[in-house]
Novice: 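My questions all concern the structure below.
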Amino acid sequence: SLNYKHTPLISALYLYSDISGKQLLIEPAATNQIKFISVAANWATKEEVLKILKVAFFEQADIVFEPLDEKRVVVKLMRR
């Protein structure tokens, strides 16, 4: 199960990296502001957890992921 409440953004990004096995190339603007992420899921697969985290990053912190190659992902602040 996945249960993170008011988790600092950088900690949640490290969690995403650990689960996905991808190296995150984080643009400074993506983590310049103090932001927190809250997510919860029961009995989720690895793929479901990654999807839940991506949605949480986007909705709660305006963060998006852009694949660079098979092992690296760029983390960017999405300007709305």
Novice: Nearest 0.5 Å, please: how far is CD1 in I37 from CD1 in I52?
Specialist: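 Between I52 CD1 and I37 CD1, I get 13.5 Å after rounding to 0.5 Å.
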
Novice: Flag yes if M78 and V74 sit in one hydrophobic cluster, no otherwise; membership is Ile, Leu, Val, Met, Phe, Trp, Tyr, and two members link when side-chain heavy atoms are under 4.5 Å apart.
Specialist: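 Not linked; separate clusters.
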
Novice: So, for I19 and K46, which heavy atoms are closest and what is the spacing to 0.1 Å?
Specialist: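 That closest heavy-atom pairing would be O-CE, 2.9 Å.
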
Novice: Go through the structure and list residues passing side-chain hydrogen bond (donor to acceptor under 3.5 Å, both in side chains) with Q23, not counting sequence neighbours.
Specialist: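 Scan of Q23 (side-chain hydrogen bond (donor to acceptor under 3.5 Å, both in side chains), adjacent residues dropped) gives none.
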
Novice: What I'd like to find out is whether the side chain of F65 reaches to under 4.5 Å of the side chain of L24, using heavy atoms alone.
Specialist: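 F65 reaches L24 side chain to side chain.
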
Novice: So if I apply the side-chain contact (heavy atoms from CB on, under 4.5 Å) rule between V39 and each of T7, L15, L53, which one comes out positive?
Specialist: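 The option that passes is L53.
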
Novice: Quick test of your reading: applying salt bridge (Lys or Arg N to Asp or Glu O under 4.0 Å), list the pairs with at least one residue in residues 67-78, sequence neighbours left out, ordered by first then second residue.
Specialist: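 Salt bridge (Lys or Arg N to Asp or Glu O under 4.0 Å) check on residues 67-78 returns E66-K76, D69-R72.
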
Novice: Working to the nearest 0.5 angstrom, can you tell me the gap between T45 OG1 and K51 NZ?
Specialist: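 Reported value, rounded in 0.5 Å steps: 10.0 Å.
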
Novice: Would a 4.5 Å heavy-atom cut-off, applied to side chains only, mark F57 and V64 as touching?
Specialist: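 In short, these two side chains do not touch, never coming nearer than 4.5 Å.
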
Novice: I need the minimum non-hydrogen distance between A61 and L9, along with the two atoms involved.
Specialist: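 A61 and L9 have their closest heavy atoms at CB-CD1, 4.1 Å.
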
Novice: Nearest 0.5 angstrom please: S38 OG to H6 NE2, how far?
Specialist: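 Spacing of OG (S38) from NE2 (H6) equals 7.0 Å.
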
Novice: Scan V73, L68, V75 and name whichever one has a side-chain contact (heavy atoms from CB on, under 4.5 Å) with L25.
Specialist: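 Of the listed residues V73, L68, V75, the side-chain contact (heavy atoms from CB on, under 4.5 Å) partner of L25 is L68.
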
Novice: Answer yes or no: does atom CZ of F36 have more than 12 heavy-atom neighbours from other residues, nucleotides or ligands under 6.0 Å?
Specialist: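 Atom CZ in F36 is crowded, with more than 12 foreign heavy atoms closer than 6.0 Å.
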
Novice: Counting C-beta onward and ignoring hydrogens, is there a side-chain heavy-atom pair between E27 and L77 closer than 4.5 Å?
Specialist: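 In short, these two side chains do not touch, never coming nearer than 4.5 Å.
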
